[in-house]
Each structure stands twice: as structure tokens, then as C-alpha cells.
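By convention in this document, chain letters (A, B, ...) are assigned in the order of the sequence lines, proteins followed by strands, and residues within each chain are numbered from 1. Heavy-atom basis, side chains included; hydrogens, waters and symmetry copies ignored.
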Amino acid sequence: MTDAHTDFEPRITAFVCNWCTYTGADLAGTSRLHMASNVRLIRLPCTGRIDPLFIVKAFERGADGVIVSGCHPADCHYTSGNYHARRRFAVFHDIMEFIGVDPRRMTFSWVSASEGAKWKDVVNEAVANVRELGPYEAYRALAPEAVELEPSGHSGAEVAS
Amino acid sequence: MTDTATAPVYTGVDDLRRIARELLEAGDVRVIIGWEAARRGARPVFVSDPAETDKLIFDTRCVHNLVTYLNPRRDHVAELGKIALVVKGCDVKAVAGLLRESQLGRADVVLIGVRCGGVLEENELPAALALTPETVAPRCYGCDNREPTLTDHLVGEPQPEPPRPVMTIDERVAALDGQPLEERWAFWTEQFGKCVRCYACRQVCPLCICEQCIVEKTRPQWIESSAHPRGNLSWNVTRAIHLAGRCVDCGECERFCPVGIPLSLLNRKLQDIVRERYDYTVSDDPENAAPIGDYRLDDQQEFIK
Amino acid sequence: MSRIGVFVCHCGENIGRTVDCAAVAEALKDHPGVAVAEDYKYMCSDPGQALVKKAIEENNLTGVVIAACSPHMHEKTFRRAVDQAGLNKFMCEMANIREHCSWIHEDKDEATAKAIDIARTIVEKVKHNRPLEVIKIPVTKRALVIGGGIAGIQAALDIADGGHEVVLIEKSASIGGHMSQLSETFPTLDCSQCILTPRMVEAYQHPNIKLHTWSEVEKVDGYIGNFEVTIRKKARSVDEDLCNGCGDCQGVCPSKKIPSEFDAGLSNRTAIYVPFPQAVPNIPVLDRPNCSLFKGRAKGLKKDACGKCKEACLKGAIDYDTEDTFVTEEVGAIVVATGFKLYDIGRDQPEGLTGYGEYGYGEVPDVIDGLQFERLASASGPTAGAILRPSDGTEPKTVVFVHCVGSRDPEKGMSYCSKICCMYNAKHAMLYKHKVHDGRAVAFYMDIRAAGKGYDEFSRRAIEEDHAEYIRGRVSRIFRDGDKVKVWGFDTLSGEQVVIDADMVVLATAVRPQDGVKELGQKLSVSVDADGFINEAHPKLRPVETNTAGVFVAGACQSPRDIPDAVAMASATGAKVLGLFSSDELEREPAVAIVNEQTCIGCMRCELVCPYGAIEQREVCTVDGHVCGHTAYVNPGVCQGCGTCQAVCLSKSVELQTFTDEQIFSEINALCAWE
């Protein structure tokens, strides 16, 4: 299993909260903690904002794995966003596992603004896990052909008006 | 299986008809929504003439969850005036859901509860049949609301428990849980592959009440509308997540699905999840707050690093 | 058409060494919707910003992406520049290719490819940005200071002198904090109370300061400029307006054996008490759990077991039937100055800490801590300033001072240095020697941290003038031996074990945050670090702010510090608060949620999850006034922009501006363009 994927570089999308994990990732940078380069962060104000639809869409668009990370319980900048996210993602995680999605493709973590080192570990572990699992061909194969969205030259606001 | 055939016609039908007639005669209620006999099984009926209340039946053919007519998006029903609805124990849990979500005022509807002992899985034959392990709707087994409390009237005598089906839904869910991940994936992608995106499941669900469904949103289009397995997976997973802690297990979605996707397995799994993680069971008590939207400081988080 | 400008910063070598910035700009030039893409050495510098402004004007840009450091660093900087060039500042975003790319990867190809991805993603996001306007909210020009120690008093005075009302609350019966317990302060050996009491009185008498002692924060609602704080004024049993501070009640109280908190347990007080003679306000409180009358009532006695203080009070100020009351104060800014307490070496420890069994768990007589030594040395203390052993009242001839008890000790759960102990230990050694000329003062230390002004000189005085013996090494055990205290230590400089038969041992126990700070923090949405100290917004550049706008922090509650640093920090918060109050309106980021009333069905699950109560249900009426449904409404003044409402909305009928579904969708989509 591992041999077939030695030259496979996982593509991982991370949905992180601005106040804790994004800042923790900044700290990892300030501390020059080197880590795997496979993760791209999307900044949200809070894990409370993160919708399971984002994760489904990320898999549809070619991500081999996702990371969802935010503030530790009791430390949410907005008091309770992460508590709601915790329940939402527990249900999502269980449903996806029931459907047959390998939970190792989804990493959930609490990384605070001072945990640069932990972020590095979360990233490296996620990349290692997904590398072992291989590219998420099974998901992409669900559609008849991969739909490549060409970025448009128009802004959304213009089209609306 | 032991002889657990239950009577096809339930008691209390006379009381049901009398109450319906009295409500209409008193003038406050404008229409009774209940079941009537049909060429194939039973079907919903809207009775507004007191003289026609004898049409109302209650037997094992009455599978329909009539609470779907309380969906506030059905303006045409609301325009008929104040409704009295006939509800089984499973159905009335959906009314509690609508109350919780501000879609209904308690005084807006009269609820005529019926004491039910289970319904048929297939509702095709002219006459009511007794329930057997082969004919009973699997979701009836283990019913926890045979004595509904969210009612204005409650008719019929307490019925015996529905018979155990040949294979219970819990057994089928457990069988799936016991399979390796790849087999589950193969199973569900095959099932969702059949989906034609008719949205009958959504149309009949009493708790699918959004003015504009997420699947119809195009800016952005989170859920692809084409009927290929990828979009179907997204649709079905989203539908499931939206129903976590809300689904009352009335079984209508699966019954309506023209291609036989086993939605009852997903629904039961949702119930297992909120019960195991949050000690939550959907009931007909409107004060029982839904688990999603609520939280506890010590909620489980074993899946979080 | 989108006309987005992409500006790639080299940040000197910080980005340029690992990311080929020119290549990034080149790659972005071809990206649909990008009108211009440039790279430059220092984008945040004046010429860099000028470059951006020029490009906006020359190319009629509709959006700007700065591929550089973290938005936490310079988003404000670039948004200001963009605004000056006439483009709405919310059309400017940063792509983080430094902290999240150049600083964490080595391979130049990988890092450059990643930087291109990151920049493209943000370009796609910006296409869906909207030209928003800031939200203006009024500011209540009153401040709340939590904690009446030296830091709290200083902050309150600075804000009050600046012309604004301050509510100062203190949970004990008097302001003054630990500074009032000290005998002299380093490095001047000023009498602590002498320099503190005038400040305490000034705070008490200041027309702009409203003092609530014996009070705690119950609840905090609202947000910067508009906080609503509910304060619990605990039942004092003494009417603050009637009491004249005569002290007769204390004289007649029969419960005399309660350990005095002010004297750190070295003396006793009565149940009705004023903590110390110079207390401000000079109004007693009745310690109900230790009062015979209240103990009787708790047992259900029909007739009160005592009542002597009430009888003795000529002003009729005592009332046993008062209850806790609640006061609501509206303020625009909050300063947290809750101070510190000392680590207790006992067996009973909170999670994460370990007691000091090696030193006897606090059960060995004549082993005391720094605050207890201060009380002994204090002229108004339990021994009138004489250094005497608590066990038998005799004068100790050999006193051992142990540095770093708990501090710098990961095994005990506290890795940090408590900063003040090297200095106060030198002070204690000196004070002891000044009072017991033939005494022997021995100090076991690890390092001497005497970095302040006059500090090193002071430290050396203890050794050179007062002949304190400083031994570099740790103490492994302290235990009772007859009527002596045996100290086993080690001298690392000579390599020999040291055994001392001390008469008294003073432990420099670690500085800890006060009890209840974590819970207070949660009420304020302010976090504490792993050691329990309040988190500052940025350790270098924002040391007196927290991550909650409008909540500031001063003094030892943020980390151990001495009096001059606490005072400086308090004045800094005063400046911040006065700055906040300098305008009538505050500008808020327009990151608020807006409900689409066409599609909202009023299910109100958004209301359930909103942490700020910003959402309410409204009726939807037909033209003839008939209610036909409900919808949600978000108050833009209260919404803090978390977006939880949007994630729970099943139909996405509420959109959080600046993080809309379209923006996030476009970012997710952009990431599929990886090669």
C-alpha cells in the first residue's frame, strides 16, 4: 500500500479559526517550525462558522484530506462557537464514517494561539496519515469526469448587480 | 417468529369520527386531516363537512405522517383555516419539532392522537391486514410513543407492541457498522447512485420546512444538482446532517423514495449518534431542546486532537 | 470585470529567501481577474505602500491582495493605504506567504508553488468581497477596574484624572492588595503602607471613582464601548453610609480566633472585622461563616446566638438580615487587575500543580513564606516588627531563605520565574539582619535576577553590607529536628552538601494568579495561559490589551511583576482607556451577520447559538397588518461576527459579511487548481 504512494503528495485543506489556530500557525511560522507543505489554510472567524458543507466541497474539489481546527473548549474568542462546532462535527464525523469515509482523512484539533508546536504536529500527522491512505480517488471517481472550475474574471458583486 | 399478529383495525375509530364531527360542528376547526380508505390501502383525506367524518379510519394501513400538511410552506393548507390533525405517536413528535422551531403555535392546531400498535410496510391492498413479522413496517418495532402526550384528544385502547420484523432496523445498522469501511462505502455509493434527485424525501418530510432549500441555492452551489453519485452523496449527507436530532423516524422518506434508498438506516444511525453522544431521544415534548444548537461543557470530543 | 492588484512582498529575506517572489507575481499576472501583479522588497514601507496606491489609481483596481505576512501583522496597515487611495478598504486582503509558507518550508520550489496557491486563493476570495462601511457605535465613557491593589488603584486614578468615571471593584473588604501587607519595598526600603495609603485615600475620595469593596463581577454582557456589568455586592452586614469606623463592634465580638488573612495567618481576627487599621473604606465586614450568630441560624436556632456587635453599634449600622445585592454598571472599557497570590506548598493542590513534600507540605513549624515574613517585619504586624518564630515567639538566630520554591520547576507544574523573589529575598535578609544584628541569614539561590533600576546594587548590599550568606544550590529537604528546622542543601560552587540547623526558614514561593481568575476570564471572553495568567493580545507589542476589544490588563494577573512595573502597566491601560474614550463613536469592523428575510423562516436556531444575544425574532406582517410568519433579525451593534448562526442555519439565510459563503466557496474552489 505504501509503495504505490511514495511519490504521492497529499492535498490537504485546513479550515481554521482566526483567533486560535490561525494565530498558532503564525506562531509556528515566527518560531520557524518547519513542517510538511501540503496544507493550505482557509481562515474563518471561528470554528462555529465551519459548516460540514465546506468539508464535503473540499473533498469534491480534490482535497485528499481536511483539517478542522480551533480554540480549546472554554477559550473560544466568541465564547461558545467551538462548543457548537464540537457537536456539529461529532455528528458529521460519525455520519461520514457510517457512509464509509475513512475518518483518518479528517483531522479535528484544538490548537491555541500559543501552540505553534502542536500545529506543526497536527499538520505533519495529517499529511502522514493521508499519504498512507493514498489519493482520495474513490471520492473523485463518484462524478463522471472531474469538473475543473475555471476561475472567472468577474467578481460576484458585479454579476449580482 | 411467535404468533404476534395484531388486529388490523384499531379501537377508537368511532370516537375519532365523533370528535371530528363535534369539532367541525363547533365551528372553530375548519378541516380535519385524517385517513380514509382507498382502492389501494388508505390515503390522507381533508374533511370539512361534519357529515363526512365517517370517512375517517384508523387501521394498519394508516402509514402516512399527516404532519407534513402542517409544513408552513404549504400556504394552501394554512388558508383552509384551523386544522385538526389525526396523529400517531411517531407523527406527533414532528409537531413538537415544528413548535420548537417557531413554525406553529400550539393553539393553531388541534391534535387528535390515536393509540397505535404499528402499521404495514406496504400499503397496497384494499383491506387492512394484521401485522406479522413479514408485513409490519420495521420502524414500528420498539416504538417509544404508543401513549402520545402532545394531544388534545386521545382515542383508542392501548395496543400491544408491534411485532418484531424479520430483521430490525437496528440489526441492519449494526450489520453495516460491522462491515469494513470500503464495504460500507461501496454500499452507500451504490444506493446514492440510484438517487434521481426527485426530492420526494424532502417534500414529504414534516421537518423539511425551509423556504429555499440549501440544495436550490446557486450562489454558491454547495450541493451539485446533477444526479450523479457525487452530488447525490452531498445531498444525502446534507439531508442527514440537517435531520440529526430532529428526525422523528416516521419512515415517510424511505416509503416515498421511488428507487428504494434505505434512508431508514441513515435515520436510525442519526438517532443512535445523538443518543450515545448526548443522551438525547426525540420525543413529543416541545420543551425538550434539540441537541444541535445546544451544548454541554463536557461533550464528547474523543475524535478531536 | 474584476481588476485585482496582487502585490508580493519579499519582506527582505524573510520571504524572498525561500519564495521566488518575482515568479509568484508572474504567475498571478495570468490569473483571470488580475489586472496587475508586482513584487517589492518591503511592501509595508512607505515606498511599498505608495506602490500599491499608485497601482490602484493607474489601473482602476477593484480589489487588492497583498501576498506577504500574516493579516494579524499588517492588514490594518494595508487597508489604511488602500483607503487613502480611494478604494474601499474591505476590498483589500492579505495572503499569508510568510508565517504560513516561507518561514516553515525549506524547499524553494515547494514554497513558491504554495505561495502561488495561497495568493490565488485570496484573489478568488476578494472577487466576492463587498465594499462595506464601518459600523459606528456610541461609547460609554466610564470604565470598570476589577481589583483594588496597586495596579487597579493606579489605573483607576489615571482614568479618573483624565476626566471619566471609574467603577473600582475589589473582592476583599479593603483596597490595597498585597502591597498593603508589605513592610518595606525594594530597592529603596520605603515603608510600603506610607507610599500606598495616600493613593488608597485618593482613590476613595476621588469624585470620579465609585468604589465597591466586598464585591465581585457576576456577569458581563455587551462589547467594547457598551459593556453591561452586573456586580454582586456581597452582604457586608454593615451599612456603609451609617458606619463611622469607630471599631466598637470589633471590640465586643466574642469570636476572636479566626486566622487573619491580612496577617497571612500569623494572628487572629474577630468575625466582624476591618482587615487592617488603614483599610479603605474603614468599614468592617461580618464574616458570616465564622460568626456565632450565623452559625446558629444555619443550625436552625430560633433565637440568635449572639448580637453583641449590633448592640454595641451606636450608629445602628449593623443589620444581620442583609443579602447580597446586585448592581448593574454600564461601562465602555474594563481593566483587569486582579493581582496574585502565593503558591501554597500543601498537599491539596489544583490540577496540574504538586505540593512540596520535600519541604514538609507547610506542616513544619517555623517554615513560612514571603508574605508571612513581611507581616513579621511590619511595624503594625502581629509582632510589632520583631522577627520572632511563630512556634514559640523567640528570636531566630539562624534564618534560611530558600529561593525558587515552585518557580522554575516543571515537576511542580510551574516552569516560569516569579521575577520578584530574588529581590524580596535580598530585602528580607537585610531586614532580618537590621533587626537581629547577631543573626545569621543564609540564602539558597539558583540565579540572581536583579535587573531593575538599582536592583543589582540592592542585591549586593545584602551580601556586602549586611553579610547575608548566599549559597548557590537547591535545598533538598526541610524538616523538624527538635526545636530547630533542619535544612539540607547543596553548594554547587564548592560541590559540597550543606546542612543548616535553622531557627526559621522563609520560602520564596511561586507567584500564582488569584483564585477565580479563569472564571472571571470566561465571563469577559478573555483567556488565560497554561499557568493561569491572563493572556495579553501580543507579548511584544500589545502587552496591556487582551484579545477581547475593550478589556485591558494590568499588573501581576498577567504575569509576575514588581510594583514599579505594575504601576507602569496600570498607567498604560489608563492611556489606552482614555484613548478609547477620546471620541464619541467607535468604529467597528462590519463583520456582522445579515439575515435574508426572504428566505428566513424564523426557526430561530441562530438565536439559540448566538453568544451575544444579538439575534431576535421579529414578526412578518402582510400589508394589512396580519402576522403571517417570523423572521430572525441580527442587531449589527451587538453582533461580534463569529458566524455560528450561519453554520446552524439550514437554508443559509444569514450571511456573515467578510466571511460569506461565496467567499469561502471560492477559496475552496481555488484550491482545486493545485498541480
Inset, instruction - Kindly give the heavy-atom pair with the smallest separation between C:Pro71 and A:Tyr22, and that separation in Å. - result: CD-OH, 3.2 Å
Inset, instruction - Could you check if a side-chain atom of A:Phe15 sits within less than 4.5 angstrom of a side-chain atom of C:Ile668, using non-hydrogen atoms only? - result: yes
Legend entry - Heavy-atom check, side chain of C:Ile104 versus side chain of A:Arg32, under 4.5 Å: no
Legend entry - Leading residue by heavy atom contact count with chain A [cutoff under 4.5 Å; candidates C:Pro611, C:Ser527, C:Ala647, C:Cys642]: C:Cys642
Inset, instruction - Count the heavy-atom pairs under 4.5 Å between each of C:Thr548, C:Asp107, C:Asn96 and chain A, then report the option with the highest count. - result: C:Asn96
Inset, instruction - To the nearest 0.5 Å, tell me how far A:Asn18 CG sits from C:Ser70 OG. - result: 8.0 Å
Legend entry - Atom pair NE2/OG1 of C:His72 and A:Thr23 - distance to nearest 0.5 Å: 4.0 Å
Inset, instruction - Provide the full list of side-chain hydrogen bond (donor to acceptor under 3.5 Å, both in side chains) pairs with a residue in residues 117-128 of chain A, sequence neighbours left out, each pair given once. - result: none
Legend entry - Stepwise side chain to side chain contact (heavy atoms under 4.5 Å, CB included) test for C:Ile664 and A:Phe54: CA-CA 8 Å; C:Ile664 296 165; A:Phe54 299 174; 3.7 Å; yes
Inset, instruction - Test A:Arg88 against C:Thr644 for side chain to side chain contact (heavy atoms under 4.5 Å, CB included), laying out the working first. - result: CA-CA 11 Å; A:Arg88 185 185 312 144; C:Thr644 308; 3.9 Å; yes
Inset, instruction - Tell me, out of A:Ile42, A:Leu41, A:Val123, A:Leu53, who's got the most heavy-atom pairs with chain C below 4.5 Å. - result: A:Ile42
Legend entry - Residue, of A:Ser114, A:Ala85, A:Cys46, that accumulates the most heavy atom pairs under 4.5 Å with chain C: A:Cys46
Inset, instruction - Taking atom CE of C:Met73 as the centre, report whether more than 12 heavy atoms of other residues, nucleotides or ligands fall under 6.0 Å from it. - result: no
Inset, instruction - Give a yes or no on whether C:Lys108 atom NZ has more than 12 heavy-atom contacts from other residues, nucleotides or ligands under 6.0 Å away. - result: yes
Legend entry - Cationic N near anionic O, under 4.0 Å, C:Lys518 to A:Asp75: no
Inset, instruction - Using a strict 4.0 Å threshold on nitrogen-to-oxygen distance, state whether C:Glu75 and A:Arg43 make a salt bridge. - result: yes
Inset, instruction - Look only at the side chain of A:Arg40 and the backbone of C:Asp117, and say whether a donor-acceptor pair between them is shorter than 3.5 Å. - result: no
Legend entry - C:His105 side-chain N/O to A:Met35 backbone N/O, donor-acceptor pair under 3.5 Å: yes
Legend entry - Test log, rule side chain to side chain contact (heavy atoms under 4.5 Å, CB included), inputs C:Asp661 and A:Asp51: CA-CA 10 Å; C:Asp661 267 1; A:Asp51 200 310; 5.8 Å; no
Inset, instruction - Scan for ring pair (Phe, Tyr, Trp, His ring centres under 6.0 Å) pairs involving residues 87-106 of chain A, sequence neighbours excluded, and state none if there are none. - result: A:Phe89-A:Phe108, A:His93-B:Phe303, A:Phe98-B:Trp188
Inset, instruction - Select one option (side chain, backbone, both, neither) describing which atoms of C:His100 are under 4.5 Å from chain A's heavy atoms. - result: side chain
